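All residue numbers in this chain count up from 1 along the given sequence. Here the structure is a predicted model, which means the values were calculated and not measured.
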Amino acid sequence: MAVGVVLFNLLVVTATLLLLYESRTQYDERAAGETSNLARVLEQYLDGAVGKLDLALQSVADEAQMQLAAGAIDGAALNGFITRQFERQSDLDSLRVTDVQGNILYGIGVNPSSRVIVADRDYFIRLRDDPSEGLVFSKPVLGRISGKWVVILARRIKRPDGSFGGVVYAPIAVEHFQKIFSTIAIGENGAITLRDVDLSIIARFPEPSGTGSSIGSKAASREFQQLMQAGSVAGTYTVRAGYDQVERVYSYRKIGRYPLVIIVGLANKDYLGPWRGEAIERVTYAGLFAAISIIWAWMFYRGWARRAFADRLEHQVQERTVQLRAMATELTMVEERERQTLAQDLHDGLGQTLAIAKLKLSALEPPHEDCLFPEELKQEITAIEALIDDANKTVRSLSLQLSPPVLRDLGLGASLEWLADEMHRSYGLRVNLHLGDLARPLDENVLNLVFRATRELLINVARHAFVDSADVTATYEEDHLVISVTDSGAGFDAQQGSMPSAKGGFGLFSVRERIHFIGGDVQIDTSPGDGTIVVLMVPLKVKYQETRT
């Protein structure tokens, strides 16, 4: 009997440990999902902010080039133009223009009587020596006027004959990035880092040894370096940080087409706090169960040895049975609470939208109190308020977007008709459907994949092709379902792999990989300015295979 009790207790302990392991895995997965979402939010914000700053640089460069073409730079007019551009940018520390020798002559904070030269800066040398350079990012440097750590964004100014005419540049204070990062909820021990593509640190929050202490450091985990060397633009990994020995779940994303990488980390000592409480509770239950079972066995043995205690032992057996059932019920309830916790992930859509709206509102604040608040910014604020309203609508329609009932109930044809209406309603894109006989049955997973892939392609048309209509053809050809999405829009360079992707979707790359996985194929016919045709060929008899690169 003693052996049976020991084996049963081992079974209970093993079950408890397995439940704790599964629960821990779920916490880790949720943390990975949260870091991925936060990295995506910051990537979208920084991508938009840099794009906005680049427009300001291009505007100033165009103004300087027009004045040079007219004969000479009009200092007062150029300074006035720079001031107007600067007042529309809350991310900038300044906006300045140099001559061909690198003398800073015009812009915000420039003292004409002071001689400040940037001819030795790497961004100036690159733009001076290479006419093909576009937007240039510098390494973090100490500003020669501000005295602060800054990152420089710069563009070339061309003379009428195409020769070098100087540089327009915009310094962004490293402290500005840290201020943005401080608004993100990452827990007491979380971390956010901005690096360039050489893995040099631009900004880190929090900064363990004070502002600027880690700037330029290339110290990075082996896991992160391997992912970057493999060319991955986004990923998630877990590692113990070398600078503070805190283990974190990290997610990183490359920021658009710019040489920047954002990394967000959540410390397991923060997000595993509830799990540790749960572990203590379950281990306590297991310990109580073991103690109770041992006591029960001991008393049962004594009762078996002494007939006089038979009634008492029977009562104790019944009592312990009730306790075991109560423990089983508690374990079931704990599992149910875990499922409810997972359901809360549905609110991520709202959280991300509101986070973006909050960052945009922060970005539109005037840089100083005396700054005029342009009417354009008022209109932008109104647009952002509308974005927040859209977030509420997102929550209400999330279930429908994730799994339209028509897809399950009426099949592919009706689902494509619903999708056409949805694209027109949501994006103003008119979808012309050309549907053949789609009565043949499809695997449920394949049906979902085809529907979502078609939706992804149409969203790409709406957002990137700059047209108001597209054509969708769906028919069977022998043993394949063939769906083509055609537009006459902007197109893109397929040779360079610059395939656009709807933010929030699973991307054209993922579409291709998933369809390859089931034995299908994706064909893309496009070039810049000539529209795009994407053809999905999906086998009716699915044969799963290894994903191709």
Side-chain angles (χ1 to χ4, degrees), residues 20-21 23-43 45-46 139-142 148-151 172-230 232-255 259-280 355 359:
L20 288 175
Y21 175 79
S23 177
R24 166 66 185 266
T25 301
Q26 292 173 350
Y27 273 93
D28 288 338
E29 290 174 351
R30 284 201 296 272
E34 185 174 353
T35 58
S36 179
N37 290 336
L38 291 174
R40 183 182 297 110
V41 169
L42 286 171
E43 184 267 332
Y45 168 72
L46 292 173
K139 299 286 187 180
V141 295
L142 281 173
K148 299 185 296 185
W149 282 104
V150 295
V151 175
I172 306 176
V174 170
E175 292 177 352
H176 177 72
F177 294 114
Q178 294 173 331
K179 181 180 178 182
I180 293 173
F181 298 162
S182 68
T183 64
I184 306 300
I186 54 175
E188 182 178 353
N189 298 284
I192 301 177
T193 305
L194 180 66
R195 295 178 181 262
D196 61 24
V197 292
D198 295 329
L199 304 189
S200 298
I201 292 178
I202 297 173
R204 172 186 281 161
F205 176 83
E207 191 71 278
S209 302
T211 301
S213 60
S214 64
I215 289 177
S217 172
K218 290 188 177 182
S221 68
R222 181 177 58 185
E223 291 80 359
F224 177 59
Q225 293 183 49
Q226 290 174 344
L227 287 169
M228 292 298 294
Q229 290 170 1
S232 176
V233 298
T236 299
Y237 60 96
T238 300
V239 73
R240 186 178 299 276
Y243 68 93
D244 62 2
Q245 296 303 307
V246 174
E247 184 173 336
R248 297 182 179 91
V249 174
Y250 292 94
S251 287
Y252 72 92
R253 296 184 71 87
K254 185 177 181 298
I255 298 174
L260 302 172
V261 180
I262 189 71
I263 310 158
V264 180
L266 295 181
N268 61 11
K269 64 169 64 176
D270 293 335
Y271 71 79
L272 287 180
W275 177 83
R276 292 189 178 95
E278 176 186 319
I280 292 173
L359 290 172

Task: side-chain hydrogen bond (donor to acceptor under 3.5 Å, both in side chains) partners of Lys269, counting only residues at least two apart - done: none
- [ ] Mind checking side-chain hydrogen bond (donor to acceptor under 3.5 Å, both in side chains) for Ser251 and listing every partner two or more places apart, or none if nothing turns up?
- [x] Thr35, Thr236
Open item on the list: Using 0.5 Å steps for rounding, measure from the CZ atom of Phe181 to the CD1 atom of Ile262.
Closed with: 3.5 Å
In residues 215-225, what donor-acceptor pairs under 3.5 Å come from side-chain atoms, sequence neighbours left out?
| from | atom 1 | to | atom 2 | distance (Å) |
| --- | --- | --- | --- | --- |
| Ser217 | OG | Ala219 | N | 3.3 |
| Ser221 | OG | Phe224 | N | 3.2 |
| Gln225 | NE2 | Ala220 | O | 2.8 |

Task: Row check, Tyr252 ring normal vs Arg195 NZ/CZ: under 6.0 Å, within 45° - done: no
Open item on the list: Please give me the minimum heavy-atom distance between Trp149 and Pro140, naming the atom from each residue.
Closed with: CZ3-O, 3.5 Å
Task: pair Ile255-Leu194: side-chain heavy atoms closer than 4.5 Å - done: yes
Open item on the list: Tell me every residue that passes side-chain contact (heavy atoms from CB on, under 4.5 Å) with Leu20, counting only those two or more places apart in sequence or in another chain.
Closed with: Thr16, Trp275, Ala279, Arg282, Val283
Task: Residues forming a side-chain hydrogen bond (donor to acceptor under 3.5 Å, both in side chains) with Arg24, sequence neighbours excluded - done: Asp28
Open item on the list: So which atom in Ala267 and which in Val246 form the shortest heavy-atom distance, rounded to 0.1 Å?
Closed with: CB-CG1, 3.7 Å
TODO: Identify the heavy atoms of Glu207 and Ser214 that sit nearest to each other, and give their distance.
DONE: OE1-OG, 2.7 Å
TODO: Keeping the roles fixed (side chain from Asp196, backbone from Ser200), state whether a donor-acceptor pair exists under 3.5 Å.
DONE: yes
Task: Spatial distance of atom CD1 (Ile201) from atom CG (Asp198) [nearest 0.5 Å] - done: 13.0 Å
TODO: Using side-chain contact (heavy atoms from CB on, under 4.5 Å) as the criterion, point out the one residue from Leu38, Ile263, Ile180, Leu42 that pairs with Ile192.
DONE: Leu42
- [ ] Return the minimal non-hydrogen interatomic distance between Gln178 and Phe205, and the atom names on each side.
- [x] O-CD1, 3.9 Å
- [ ] Enter the distance from Arg253:CZ to Leu46:CG here, rounded to the nearest 0.5 Å.
- [x] 12.0 Å
- [ ] Determine which pairs satisfy salt bridge (Lys or Arg N to Asp or Glu O under 4.0 Å) with at least one residue from residues 243-252, sequence neighbours left out, and list them in order.
- [x] Arg240-Glu247, Asp244-Arg248
TODO: Specify the closest pair of heavy atoms between Ala191 and Tyr243, including all atoms of both residues, with the distance to one decimal.
DONE: CB-OH, 3.6 Å
